[in-house]
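Since the structure comes first, as structure tokens, the remarks are kept for the end.
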Amino acid sequence: MDKTFDFKKLESGLYDSWEKSGVFTPKIETGKQPYTIIMPPPNANASLHIGHALFVTVEDIMVRYHRMKGEPTLWLPGADHAGIATQVSFEKELAKQDKTRFDLGRDEFVKQTFDFTVKNRITMENQLRALGASCDWTRKKFTLDSDVSEAVFTTFKKMYDEGLIYRGERIVNWCPRCATSLSDLEVEHKETEGVLTYIKYPVVGGGEIVVATTRPETMLGDTAVAVNPNDKRYVKLVGQKVLLPLMEREIPIITDIVVDMEFGTGAVKVTPAHDSTDFEIGQRHGLPTISVIGQDLKMTESAGRYAGMKTKEAREKVIADLQTVGLIEKTQPHLHSVGRCQRCDSVVEPIISKQWFVKIASLAKPAIEAVKRGAIKFIPQHFEKLYFNWMENIRDWNISRQLWWGHQIPVWYCQAQQVKSDKLKVISEGGDNFIVSAERPGKCPVCGKCEMCQDTDTLDTWFSSGLWPFTTLGWPKSTEDFKYFYPTTMMETGWDIIFFWVARMIMLGIYCTGKPPFELVYLNGLVRDQEGNKISKSKGNVIDPMMMVEKYGADALRMGLVVGTAAGNDTAMSEDKVRAYRNFANKIWNAARFINLEVSTPKAVKEVELTAEDTAWLKEFDEMIRETTKMMEQYQLGQAAEKLYGYFWHTFCDKHIEAAKPRLKDEQQKETAAAVLDHILKNSLIMLHPFVPFVTEAVWGELYDDQLITAAWPK
RNA sequence: GGGCGGUUAGCUCAGUUGGUAGAGCGUCACAUUGACGUUGUGAAUGUCAGAGGUUCGAAUCCUCUACCGCCCACCA
């Protein structure tokens, strides 16, 4: 054996031999309870970052542990097409060549994006291998695989047929840069310094009512003024009309409970087409919606003489015009939150648009129940509160995106009825005569002749992600895999995607299969830098996991990520820490090297005569096994790792090996000392293996004949 | 407006049935052909944010306060 553990030389060979030996692929053994983790599929648009390395480590530890316990263990890998994220990142690639997606056209764009994801997937899969991920590559999936897509379309159709998906003209979050609608979750609110403008609206028949707004240009689309029903100041005005300035349109003064008497003047202009609260007020009062801003952020025809202007320009002009007629009372600085696109940071515009929605209430109810009755448990448990908090206030989910990259919505329109799209390149087109079908329909059932055209929208990427725990296992077909491995055991992912992903998997899982998709949700935290800062490219504190693997080995990185980390808590990562665990891997190597040199053909501890001290040591070791196993069962991985680390280094190496040195030279004591060392080393290697798989397997190969990865966990 | 989390060694953090405070890095002293210097031995450093309560006993349970951080929301 070399003097140090040469991870660079050994790691990839060790991985290959595991993979080739087929141990990653479980055998279906009826009667045995399987242990299943579906890997959160990394986005196919980039390499793995340190956060991926953390989840890979945690999952691989659990998978190796359960495999060693003799359970049929499946860890199913995959990749996510990551709709908007990938489209935005590939568009950035195109921008480097001064191109936009429109230069390529939809088909070519999709083709090139696909090629882009294929490249990324290959890189990503090799990175997973480098980290030691013992997942079953024979079962790997991609969200755009034909069988997965088919399951997605089938689900869409089922939900439509059962009234859970509807198409509606509603107010949605519109990202002008991405040219698509977004779900509420994809909008990030940021505090922004704005201006509150107080505008006087003349009351028909005399007087005036002052409203305050941060967006004066939207007044062109006002269809009411609202006050709180309990507001004494305006009692006399309610029911009267105001003459909307600039547009010279009469609109009513109404009451609505959402109006805050304390804010501004207590009177609010209502623009149902450009504000979600106003939209709801409009719905309650049957107000018309007048869209004055288009998808391109230009004022529409309905904006009268402001038509064609950009919103910013229109705002200035509206203020100037109001000023001229003396209708601006005052302005004041105002801090408020502005929605921005999660992917590209553009300011999101609420507009009216025809979109597809999931009716969420009936899906949320059993999903809340499942967690309440403990069918699904969260680690750490306090995240259940967060889950309930969101689920109990959940709103319908906009699932259509005006993107090109993703699952195209399986809805087919009769072309005879098709509404011609306008000049906008991205508008979702289609009339009202459509059918929903998982496959391209043969003949148009509406006109009997046309080739139906498919909806141009794609599905929110999280729709397919929500089905992931079972589409990966072959659902909706009743495959052997689905029958055996579903419901899965654990879903391990970041707490930051509880709403995006975990909640949707629970809702759709129960809806589609009748069962919660997993028993346990283990939430890992964010990996931060040494000072506890969030890691980001702009801060320049990115820790590339592959660089760490290159410099210190995968074992060192894994230990560095997992020791001192608790579920749900953020982890501070530093190179120093990784270096320290590189030393630990080397310590393991050298302890084994010593025993390899000094001990040959050791007997079992049962076959030798033990001293009282030996017995005490073995008892202490058994206690360590018991405690560590308990921690593993309770998913206290950081503590288990630390215990093993401390025991192996400071008890086994520093005490036992040191004490054994003179004994091994003594003919009388030699046999016993060797047996005890071998016993503890062997079982320590087994328990350390899930954490540091490479060095333990390498050492095992030097000492024993079989493979460590399938050795039995000690009892 | 509602909710959640944190406050433990110089730094970053563990500490899950309440029982004499732990790790990594850093610091100091000593050891040095011996499995490993990617080492060993020893040492220093903590009123576990503050106050009150429960208890034989609290970093751990309860209440309040302070300061950080985060999430959600229809802040016109």
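Lettering of chains follows the sequences in order, A, B, ..., and the numbering in each one begins at 1. As the structure is a prediction and not an experimental result, all values here were calculated from the model.
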If we take the P atom in both A59(B) and G53(B), what is their distance in whole Å?
15 Å
Minimum side-chain heavy-atom gap Phe621(A)-Ser684(A) below 4.5 Å:
yes
Near Glu193(A) CD, under 6.0 Å, is it more than 12 heavy atoms from other residues, nucleotides or ligands?
yes
Integer angstrom distance from the P of C13(B) to that of C30(B)
34 Å
Side chain of Glu642(A) only, please: which of A14(B), A76(B), C4(B) is the nearest?
A14(B)
Counting heavy atoms from C-beta on, name the nucleotide in A35(B), A76(B), G2(B) closest to the side chain of Asn389(A).
G2(B)
With heavy atoms under 4.0 Å as the rule, sort Gly564(A) into base, sugar-phosphate or nothing.
sugar-phosphate
Residues Tyr704(A) and Asp678(A): side-chain donor-acceptor under 3.5 angstrom:
yes
In whole Å, what is the span from the CZ atom of Phe383(A) to the P atom of G6(B)?
10 Å
Do Thr213(A) and Leu196(A) come close enough that some side-chain heavy atom pair is under 4.5 Å?
no
May I have the distance from Asn569(A) (atom CG) to G69(B) (atom P), rounded to whole angstrom?
18 Å
Beyond-backbone contact of Val227(A) with Ile209(A), side-chain heavy atoms, under 4.5 angstrom
yes
Whole angstroms only, please: what is the OH-C1' distance between Tyr522(A) and U16(B)?
13 Å
Heavy-atom side-chain proximity of His679(A) to Val676(A) below 4.5 angstrom:
no
Distance between C1' atoms of G40(B) and U33(B) (Å, rounded):
15 Å
Please state whether the base of C36(B) and the side chain of Lys587(A) form at least one donor-acceptor pair under 3.5 Å?
yes
Taken to the nearest whole Å, CZ/Arg395(A) to C1'/A73(B) is 9 Å
Write down the distance between CE (Met559(A)) and C1' (U12(B)), rounded to a whole number of angstrom.
17 Å
For Phe652(A), give me all partners under ring-ring contact (aromatic ring centres under 6.0 Å, His included), at least two apart in sequence or on another chain.
Phe648(A)
What integer number of Å spans the P atoms of G15(B) and G6(B)?
10 Å
Would you write the dot-bracket representation of RNA chain B, where each base gets (, ), [, ], | or . depending on whether it forms a Watson-Crick or G-U pair under 3.5 Å and with which partner?
((((((((.[[[[.)...(..]]]].(((((.......))))).....[[[[[..)....]]]]])))))))....
Rounded distance in Å - CG (Asp576(A)) to C1' (G26(B))
9 Å
Measure CG/Asn596(A) against P/C36(B) and give the value in whole Å, please.
14 Å
Could you tell me whether Lys630(A) atom NZ has more than 12 heavy atoms of other residues or ligands within 6.0 Å of it?
no
Can you check the distance between U45(B) and G2(B), where both ends of the measurement are the P atom (answer in whole Å)?
46 Å
Does Glu262(A) make a side-chain donor-acceptor contact with the base of A76(B), cut-off 3.5 Å?
no
Considering only atom P, compute the distance from U60(B) to G18(B) and round it to an integer number of Å.
11 Å
On RNA chain B, does the nearest nucleotide to Phe499(A) precede the nearest nucleotide to Phe263(A) from the 5' side, or the other way round? Give the residue.
Phe499(A)
Judged by nearest nucleotide, the residue sitting upstream toward the 5' end of RNA chain B, Trp649(A) or Tyr645(A), is Tyr645(A)
How many Å lie between CZ on Phe594(A) and P on C36(B), as a whole number?
10 Å
When you compare A14(B) with U8(B), how far apart are their C1' atoms, in angstrom units rounded to a whole number?
10 Å
Checking all strands, does Ala212(A) fall into the base, sugar-phosphate, or nothing category for heavy-atom contacts under 4.0 angstrom?
base
Tyr581(A) side chain, from C-beta outward: closest of U16(B), A35(B), G24(B):
G24(B)
C1' atom, C72(B) versus U16(B): distance in rounded Å?
28 Å
Looking only at side chains, do Gln669(A) and Thr672(A) share a donor and an acceptor under 3.5 Å apart?
no
Looking at C75(B), does its base get a donor-acceptor pair with the side chain of Ser337(A) below 3.5 Å?
yes
Suppose we call a contact any N or O donor and acceptor under 3.5 Å apart; does that hold for the side chain of Lys661(A) and the base of A35(B)?
yes
